[in-house]
Structures are given as C-alpha cells and as structure tokens.
Amino acid sequence: MFNNSQENGRAGQRCKVNKHLIIAGHIIGASLYQFRSQLLAWYEARARELPWRKNRDPYRVWLSEIMLQQTRVAAVVEHYHEFQRRFPDVKKLSAAREASVLAAWSGLGYYRRARMLHAAARIVAQKHGGKFPRTAQELRMLPGIGRYTAAAIASIAFGEPVAVVDGNVERVIQRITGNPLRGEKLWTEANGWLDRQRPGDFNQAMMELGAVVCTPRAPACLTCPVVHLCATRGELATGKKAAPRKKREAHYALNYRTNGRGCEVFLKRRSIQSSLMAGMWELPEIDDLSQVRSGGNAEPCLTVRHSITVTDYTVRVWRTSAPRSKGKWIPVEGLNNMALTGLARKILRKAGVIP
DNA sequence: AAGCCGGGGGA
DNA sequence: TCCCCAGGCTT
C-alpha cells in the first residue's frame, strides 16, 4: 500500500511530488497542517462577502443553511435580506403565520423547508426559551436539520469541532485524495482534516473551495491554494447518473380586473395534499385549450420557460374573460404576502402585475 | 439505499 | 439543451 512512496530513492523529491503526501488514499502527517493553514489563509483573503458571514448569530446562520440546502448562493442572497427584514429573529419567526413564512420563501422551492423552519422556530421559542441548542447533537433534533446542517450551525455559530460534508466537501476530498470516499468514511475523513481551533472557518473554507475553485467541471487548479497537495488535480471519477429531463407545454389563465376594490387577479390554491408545492397559490391551469381559443384568443399574451424538478416547461399564458375554476380574487397589493409558486410569481412579474 | 421535493443559471 | 447545486425526510 505504500508502494508509491519510494519509487524514486531521493528523499528530496518527497515534498515535490504530490502523490507522496497521499498514502493509501488519505492525506497524512505534516501535509495536513499545511493543508489547513493554506486553505484558511486563502479563505481569509478570498472568501466571498456573503450576508450570513457578517456575524455568527445562530439565527442568521441557521436561516442561511436551510435556504442553502440544494439551492444556489445567488438565489439565497436574493431572498435572505427580505426574509430577515420580515422575521428579524427566531421569536418573530415563531410568532408568524405559516402562510406569511411561505410567502417570504416564494421562489426558493422545496417549500417543506419553510414549514420545517417555522416549526423549528416554534420549538426553539417554546422549549428552548428562544435560545438555539449549542451542539450538533441537539440541533439535529429540530425539524429540517439533518447531519450536515447540524454540523454547520454548531461549528459556525458555536465553534464546535465537527466537520460538515456537503456536495462541495465530498468533491474536494475525493479530488485531493484521489480516493472515491463516500458515506461514513467520507465523514470520518472530513473530521480528520478539520481544524479544531477554527472549525467554522475551516468548514466554510472547504465549501468555498468546492464552490469557487474545485468546481465539478473545469476546476480552476491554477488558482487552487492546495493544488500541490492534490493527488488528482482535477480528475474525478463520476458515479453520478444524470436524470433525463422531460419537456412539456402548459397553459395558464390570467384573469385581471379592476373594480371598486382596485386591481385584482384570480388565483387558486393548490391542494394541501399535493406532493408538489402543497398549499401554494398559482394561476388556474387550462386543461382544454379549445375553450380559450373559442373565447376569442388567438395568441397567448405571454410565453415563459420554467424548469421544475425533471421537467422543462414551455408555459403559455392566456388572458381570459372570466375564471372557470374555483379560486379567489386577490388584490394586487396583497400579492407580496401570498405564498405564490415560483412560476406564478414569474408570470405576474412578466405580465407587469407586480414589480 | 433510493425516491422525492423547485428552480435557475452557467456551460 | 444539459447539468448541478452549502440536504432532509420518508419508505
């Protein structure tokens, strides 16, 4: 297993050849100190300025971590400030109605996250006196907080020495070691690498490296602070299978009227039983296009593209004279506080109904 | 272990 | 057009 460490008899080569720092697929000894200090130095110098890095308030850290689950940083940044403005602390969040929490979440997707966030806020407020548990083990008990998120909050907000493993960390470790570690072995490896003096910074630095430098495709090895310690320099055996995407066309009705109460839009609420976007509000879907065409519409007033799970939709929006389905007239001023689906919000924006 | 949940932006 | 993202929960 150590056969690659002595292929050249000269000891002076030891630190020049990266493979010698990786033994049997693990980073070892002195190179680990190097790795930590160089990664942390890079992070201090180059880390992106993100809203949740302003301080270590556990509420802010928690909110960012929930939002960031399977969601890109850019999308989170767009929602983060407004969410903070509406719900400045865990107590305010716990006192809010679920509908208003969902409204602030609109467009982020995975709406169950918002419900679990709200439920967790109520538990923190009622059972923990408004203070967050300070250990990963206790945080894990809250809804919506799994192994990754518990470790992230505990390390970043409270300095507990626990490593995180997300998609970024997995990729970084696999590339550095050249070892396709997965599952429990990956978590063990990450914990071995962790800088126990600065666990929060270290964890964020690992994820930052994966997000900014050690990207899935075309990693920027030229700017990587630990490239000299890397066994693969960008190679990665991928075991991921790409889910095939379907294409579909969908039609929605835009009903818009002005009366004594001002401008109103006709919306309907998705079933609370629905697996997809349960309880969220949207425009009525049109099943039978012939009815709209016979109503005098030759062309849709709007066409948008929309991706949802594994389906890419081409969405046509039709102005219709009267709603044919059950639903509710909503004043446009109230739309900001409605739990709209991302698609509904997109359509209403493009149509100029909301800013 | 595998399936499910939203949405968007870059390559 | 395709791919992938600071995961958690259920079965």
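Every chain is numbered from 1 and lettered A, B, ... according to where its sequence line falls, protein lines coming before strand lines. Just so we're clear, the structure is a prediction, and the values are computed from it rather than from any experiment. Note: hydrogens, waters and symmetry copies are ignored here, and every other heavy atom, side chains too, is used.
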Proximal nucleotide (of B/dG6, B/dC5, C/dA6) relative to the A/S275 side chain: B/dC5
Can you tell me whether the side chain of A/Y148 and the base of C/dG7 have a donor-acceptor pair closer than 3.5 Å? no
Does anything in residues 263-298 of chain A form a ring-ring contact (aromatic ring centres under 6.0 Å, His included)? List the pairs, not counting sequence neighbours. A/F266-A/W329
How does DNA chain B look in dot-bracket notation if pairs are Watson-Crick or G-U with both distances under 3.5 Å, crossing ones as [ ], other-strand ones as |? |||||.|||||
Any side-chain N or O of A/R112 less than 4.0 Å from the OP1 or OP2 oxygen of C/dG7? no
Could you name each residue pair satisfying side-chain hydrogen bond (donor to acceptor under 3.5 Å, both in side chains) that touches residues 92-103 of chain A, not counting sequence neighbours? A/E98-A/R115
Using the P atoms only, state how far C/dG8 lies from B/dG8, rounded to an integer number of Å. 23 Å
The side chain of A/H306 lies closest to which of these nucleotides: B/dG6, C/dC5, B/dG7? B/dG7
Going by number, which of residues 160-169 of chain A have a non-hydrogen atom under 4.0 Å from DNA chain C? A/D166, A/G167, A/N168
NA contact type, A/W105, heavy-atom cut-off 4.0 Å: base, sugar-phosphate, or nothing? nothing
Residues forming a side-chain contact (heavy atoms from CB on, under 4.5 Å) with A/T149, sequence neighbours excluded: A/E65, A/I66, A/Q69, A/I145, A/I153
Listed in order of residue number, which residues of residues 66-80 of chain A have a non-hydrogen atom at under 4.0 Å from DNA chain C? A/L68, A/Q69, A/Q70, A/R72
Does A/K346 place a side-chain N or O at less than 4.0 Å from the phosphate oxygens OP1/OP2 of B/dG7? no
